[in-house]
Novice: 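Take this structure, written in structure tokens, and hold onto it; I'll ask about it next.
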Amino acid sequence: MNPWEQYKVGTPSGDPDFRNDTCGEFDEVYHVTHIDSGLSILRQGAIKPQLVYDESLLNKRRIHVCWLSPNNWRKGFRYGNLCIHYDWRTLIADKNYYWVETINYNTPACRILITDQNYDSDPELIPYDPKNPEGPWWWDSSLDKHYWNGTICLEIMVESELQNFDAKSTSFVKHHQTGCCISPSSCRDKGLSGMIACARFASGIIMDQLTVDYLPINKDELRSGVATVAHGIPSIEHRGLIAKEDPAGNAVAQGIAKAYFDRDESTLIELAKLFSSQQEIQEILAKQMESCLDPLSHLL
């Protein structure tokens, strides 16, 4: 018996109104990460593969991987708030597939390696045939449909760099209320909603003046994130020393974005007081975002 057979995909119901958790059709997978890491991905232009450090059998090999999954966690993601979507068929085209292992968490994590390399001589990496319907990922080649067993966590380990321009889309999801893959005891993003996560991501873009290109982020969503930043500033008495046309306004606006990103409320309040109104703050932050979305916008 192959090690994956106990996690096999169930039978497709054929009824769109009936949900079968053991047999879900999918055509995309996700890389979910924390906001700080998402900003690094924006800077680098790609998700960089890394060594595996947990109890995986790969922790003794020099195999670098990126992590993806079709799982959509209804109670929130342990991995962060930024969700980057990839087309599954494109990702697996002309690749080799290997069963790595099952990690027995509360929800079993079944791991499959997607790679250009040939590891057939490795006794611990077992070639995986997705067209055989006996595992947690089944490729019904007669219909060209892909299914997975949603009662387990299907973890896809991709041995390659994932370029930002290869992503289909991005979204902001809820972080799990108590669990975190990095640090359950100290993660400040636990329970963070997708909306607030978008605001933090937008503030990070402004504070570092990052150019938003290649990674397919919804621009209107980032603009809404900027508005959320401005609305998140506590009610204060404005001094009106800086207007949005003031050259110093841009520097102060970046400081406001950084204070929001850092959750430094006292600094946020003191910088916000320098403007004549909340509206002034929102407008200059919006202008800053537009320059990140389109670096040539200031020439128009």
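Given the structure is predicted, the values throughout are model-derived calculations rather than measurements. Note that the numbering runs from 1 along the sequence shown for the chain.
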Novice: Report the hydrophobic cluster partners of W138, with the cluster defined as I, L, V, M, F, W, Y residues connected by side-chain heavy atoms closer than 4.5 angstrom, directly or transitively.
Specialist: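 Its cluster mates, by chain and number, are V9, Y147.
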Novice: Can you confirm whether L57 sits close enough to L125 that some side-chain heavy atom of one is under 4.5 Å from a side-chain heavy atom of the other?
Specialist: yes
Novice: Are the side chains of I126 and Y98 in contact, using a 4.5 Å heavy-atom criterion?
Specialist: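 Y98 vs I126: side chains apart.
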Novice: Kindly state whether the ring of H176 and the ring of F77 have centres lying under 6.0 angstrom apart.
Specialist: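 Not close enough - the centres of the two rings lie 6.0 Å or further apart.
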Novice: Could you check whether the rings of Y30 and H85 sit parallel, tilted or perpendicular, using 30° and 60° as the cut-offs?
Specialist: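 Perpendicular, since the angle between the ring planes exceeds 60°.
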Novice: So, does N81 use its side chain to make a donor-acceptor pair with the main chain of V173 at under 3.5 Å?
Specialist: yes
Novice: Starting from the C-alpha separation in whole Å, work towards a yes-or-no answer on side-chain hydrogen bond (donor to acceptor under 3.5 Å, both in side chains) for Y119 and E159.
Specialist: CA-CA 12 Å; Y119 293 114; E159 191 182 11; 2.9 Å; yes
Novice: When you measure from the side chain of D94 to the backbone of D116, do you find a donor-acceptor pair of N or O atoms at a distance under 3.5 Å?
Specialist: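 Not confirmed, D94 side chain does not pair with D116 backbone.
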Novice: Verify the neighbour count for atom CD of Q50: are there more than 12 heavy atoms of other residues, nucleotides or ligands below 6.0 Å?
Specialist: no
Novice: Are the side chains of W73 and Y79 in contact, using a 4.5 Å heavy-atom criterion?
Specialist: yes
Novice: Does I236 reach the side chain of E270, with side-chain heavy atoms less than 4.5 Å apart?
Specialist: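 The answer is no; the side chains never approach within 4.5 Å.
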Novice: Is I206 close to M289 at the side-chain level, that is, under 4.5 Å between some pair of heavy atoms?
Specialist: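 Sidechains of I206 and M289: in contact.
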Novice: If hydrophobic residues (ILVMFWY) are linked whenever their side-chain heavy atoms come closer than 4.5 Å, directly or via other members, who joins F165 in its cluster?
Specialist: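 Direct or chained contacts put F165 with Y214.
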Novice: Going by the angle between their ring planes, with limits at 30° and 60°, are Y128 and W137 parallel, tilted or perpendicular?
Specialist: parallel
Novice: Heavy atoms, side chains only, cut-off 4.5 Å: are H238 and Q278 in contact?
Specialist: yes
Novice: In terms of side-chain heavy atoms, does S266 have a donor or acceptor partner in D264 at a distance below 3.5 Å?
Specialist: yes
Novice: Relative to the ring of F26, is the ring of W88 parallel (under 30°), tilted (30 to 60°) or perpendicular (over 60°)?
Specialist: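 Because their plane-to-plane angle lies in the 30° to 60° range, the rings of W88 and F26 count as tilted.
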Novice: Do side-chain atoms of S69 reach the backbone of L154 as a donor and acceptor pair under 3.5 angstrom?
Specialist: yes
Novice: Would you kindly say whether Q288 and N250 are connected by a side-chain donor-acceptor distance under 3.5 Å?
Specialist: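 A pair is found: one side chain offers a donor N or O, the other an acceptor, under 3.5 Å apart.
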Novice: Counting C-beta onward and ignoring hydrogens, is there a side-chain heavy-atom pair between I47 and Y86 closer than 4.5 Å?
Specialist: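 A side-chain contact under 4.5 Å exists here.
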